[in-house]
Asker: 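A single structure is presented below for examination.
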Amino acid sequence: MKVGFVGAGRMGQPMVRRLVAGGHEVQVAGRSDSVLAGLLADGATPVASVKAVAAGADAVMVCVFSDEQVWEVARGEGLLEAMEPGSVLVLHTTGSPSTARKLAELAAPRRVAVVDATVSGGPDEIAAGEITVFVGGDQAAVDRVRHILGCYAEPLLHVGGTGSGQVVKLLNNALFAANVALVGETARVAVDLGIAEQDLLKSLRHGSSDSRALGMIERIGSSEIFANTVGEFLGKDVAAVRRVASDLGADLGVLRDVLDSPAGISVLGAALIASPVHQN
């Protein structure tokens, strides 16, 4: 199939390579000449503009950082209007579910479907074809891009209609942030009780409290260092889930309490404090 790709950055580059290796014809738009040169060597076709990415494409993947960038690509740079009737716009960007739903409404008269396909994991998982993808969208549209996404997604989890992939990813990251905060708070108590943090982390990996977050922290050896590493990205997503919950009148409950605690603030920092999340 012919696939367009916008956003060949840290996550996007291994996606493009997996798509090419899977036998797809991939057209890539990007701002870095060196990145595009590398992808050309890998078998992708660099194009001059976002609009050109859509030419003849069965699907176009967008993997940019924020909702604002999604809107700029889709409307400001003309991607949506350039897409072929019957094609599918796939959003890998983590953001508000309303963005995916509004774009789906705008795309429908052009017979373009919109699927939100948020990812959980990093470049190494993409390169191995083992990234988790939460997909929201019409069943027929999801089926049309399943083979494409399958080049790097395993598992690929269809969780509901358009925007549902965003909701699941945001809640996933909110829960992950809360877990990181709780591990950090547990480490603080351990040190107060005379147990070294590294000894605690290694021991808990063998207990019933083990988790993916705990494993990632244990590999680094410090909850504080880990929090400093992931805080910016988690902060963006937690701020988004708070906005979504507030807009929809949903109560985050105990999850909110953990994120609002001193331990949660130590993980998310200014991104948490600045986000409009406190619910009545």
Side-chain angles (χ1 to χ4, degrees), residues 10-11 14-15 18 92 94 117-135 149-150 152-159 164-242 245 251-273 277:
R10 175 174 171 268
M11 302 286 278
M15 289 180 177
R18 293 286 305 189
H92 282 312
T94 299
T118 55
V119 300
S120 179
D124 290 344
E125 286 83 7
I126 294 170
E130 298 174 350
I131 195 80
T132 297
V133 178
F134 306 119
V135 181
L149 291 170
Y152 44 83
E154 178 57 43
L156 190 155
L157 305 166
H158 187 192
V159 296
S164 298
Q166 300 287 358
V167 172
V168 172
K169 171 61 187 297
L170 292 171
L171 290 174
N172 172 80
N173 279 21
L175 181 57
F176 180 73
N179 201 344
V180 173
L182 289 172
V183 172
E185 187 67 0
T186 302
R188 180 192 64 78
V189 174
V191 171
D192 287 347
L193 296 175
I195 305 295
E197 180 177 11
Q198 290 86 348
D199 291 337
L200 174 78
L201 296 173
K202 290 177 182 178
S203 299
L204 293 183
R205 288 301 312 280
H206 299 281
S208 58
S209 62
D210 190 23
S211 67
R212 179 171 291 189
L214 179 58
M216 295 169 76
I217 293 169
E218 189 267 332
R219 283 193 292 275
I220 287 181
S222 166
S223 55
E224 181 178 359
I225 292 174
F226 183 79
N228 289 337
T229 301
V230 303
E232 178 184 357
F233 295 97
L234 284 179
K236 177 181 80 77
D237 291 351
V238 170
V241 76
R242 288 169 173 273
D251 185 358
L252 294 177
V254 174
L255 188 58
R256 177 199 62 223
D257 296 340
V258 174
L259 297 172
D260 283 348
S261 70
I265 292 172
S266 72
V267 173
L268 303 173
L272 174 69
I273 297 168
V277 293

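The figures here come from the full heavy-atom set of this structure, side chains too, leaving out hydrogens, waters and symmetry mates.
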Asker: Measure across Ser266 and Ala227 and return the closest heavy-atom pair with its distance rounded to 0.1 Å.
Answerer: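 Minimum heavy-atom separation between Ser266 and Ala227: O-CB, 4.4 Å.
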Asker: Strictly distance-based, threshold 3.5 Å: is any side-chain N or O of Thr94 a donor or acceptor partner for the main-chain N or O of Thr118?
Answerer: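 Judged by distance alone, no pair lies under 3.5 Å.
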Asker: What pair of heavy atoms forms the shortest contact from Asp210 to Gly215, and how long is it?
Answerer: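 Closest approach of Asp210 to Gly215: OD1-N, 4.4 Å.
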Asker: Should His92 and Met15 count as side-chain neighbours, where that means a heavy-atom distance under 4.5 Å?
Answerer: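 Contact flag for His92/Met15 side chains = yes.
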Asker: Check the surroundings of atom CD1 in Ile195: do more than 12 heavy atoms from other residues, nucleotides or ligands lie under 6.0 Å from it?
Answerer: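 No, the 6.0 Å shell around CD1 holds no more than 12 heavy atoms from other groups.
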Asker: Return the OG to CD distance between Ser223 and Glu185, rounded to the nearest 0.5 Å.
Answerer: 9.5 Å
Asker: Mind listing the closest non-hydrogen atom pair of Ala117 and Val133 along with its distance?
Answerer: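 It is CB-CG1, 3.6 Å.
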Asker: Before giving the answer on side-chain contact (heavy atoms from CB on, under 4.5 Å), spell out for Asn172 and Asp237 the whole-Å C-alpha distance, their side-chain angles and the decisive distance to 0.1 Å.
Answerer: CA-CA 9 Å; Asn172 172 80; Asp237 291 351; over 6 Å; no
Asker: To the nearest 0.5 Å, what is the distance between CG on Leu193 and CZ on Arg188?
Answerer: 9.5 Å
Asker: How would you list, by chain and number, every residue that makes a side-chain hydrogen bond (donor to acceptor under 3.5 Å, both in side chains) with Asp257, sequence neighbours excluded?
Answerer: none
Asker: Ignoring hydrogens, what is the shortest heavy-atom contact between Glu197 and Ala187? Give both atom names and the distance.
Answerer: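 Nearest heavy atoms, Glu197 then Ala187: OE2-CB, 3.6 Å.
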Asker: How long is the straight-line distance from OG of Ser211 back to CE of Met216, given to the nearest 0.5 Å?
Answerer: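 Reported to 0.5 Å precision, the distance equals 10.0 Å.
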Asker: Taking all non-hydrogen atoms of both residues into account, name the closest pair between Leu170 and Ala240 and its distance.
Answerer: CD2-CB, 3.7 Å
Asker: About how many Å separate CD1 of Ile131 and CG of Leu156, when rounded to the nearest 0.5 Å?
Answerer: 11.5 Å
Asker: Rounded to the nearest 0.5 Å, how far does CG of Leu252 lie from CG of Leu175?
Answerer: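 Going from CG on Leu175 over to CG on Leu252, the span is 11.5 Å.
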Asker: CD of Glu154 to CD1 of Ile126: how many Å apart, nearest 0.5 Å?
Answerer: 14.0 Å
Asker: Quick check: do Tyr152 and Pro14 have side-chain heavy atoms less than 4.5 Å from each other?
Answerer: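 SC-SC contact between Tyr152 and Pro14 ruled out.
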Asker: Is there a side-chain contact between Val167 and Leu171 in this structure, where contact means two heavy atoms from C-beta onward sitting under 4.5 Å apart?
Answerer: yes
Asker: Check Leu268 against Gly231 and note the closest heavy-atom contact, atom names and distance.
Answerer: CD2-O, 4.4 Å
Asker: Do Leu201 and Ile217 make a side-chain contact, defined as non-hydrogen atoms from C-beta onward lying under 4.5 Å apart?
Answerer: yes
Asker: I'd like to know if the side chain of Lys169 reaches the main chain of Val119, judged simply by a donor and an acceptor atom lying under 3.5 Å from each other, with no hydrogens or angles considered.
Answerer: yes
Asker: Using a cut-off of 6.0 Å, state whether more than 12 heavy atoms not belonging to Glu125 lie near its atom CD.
Answerer: yes
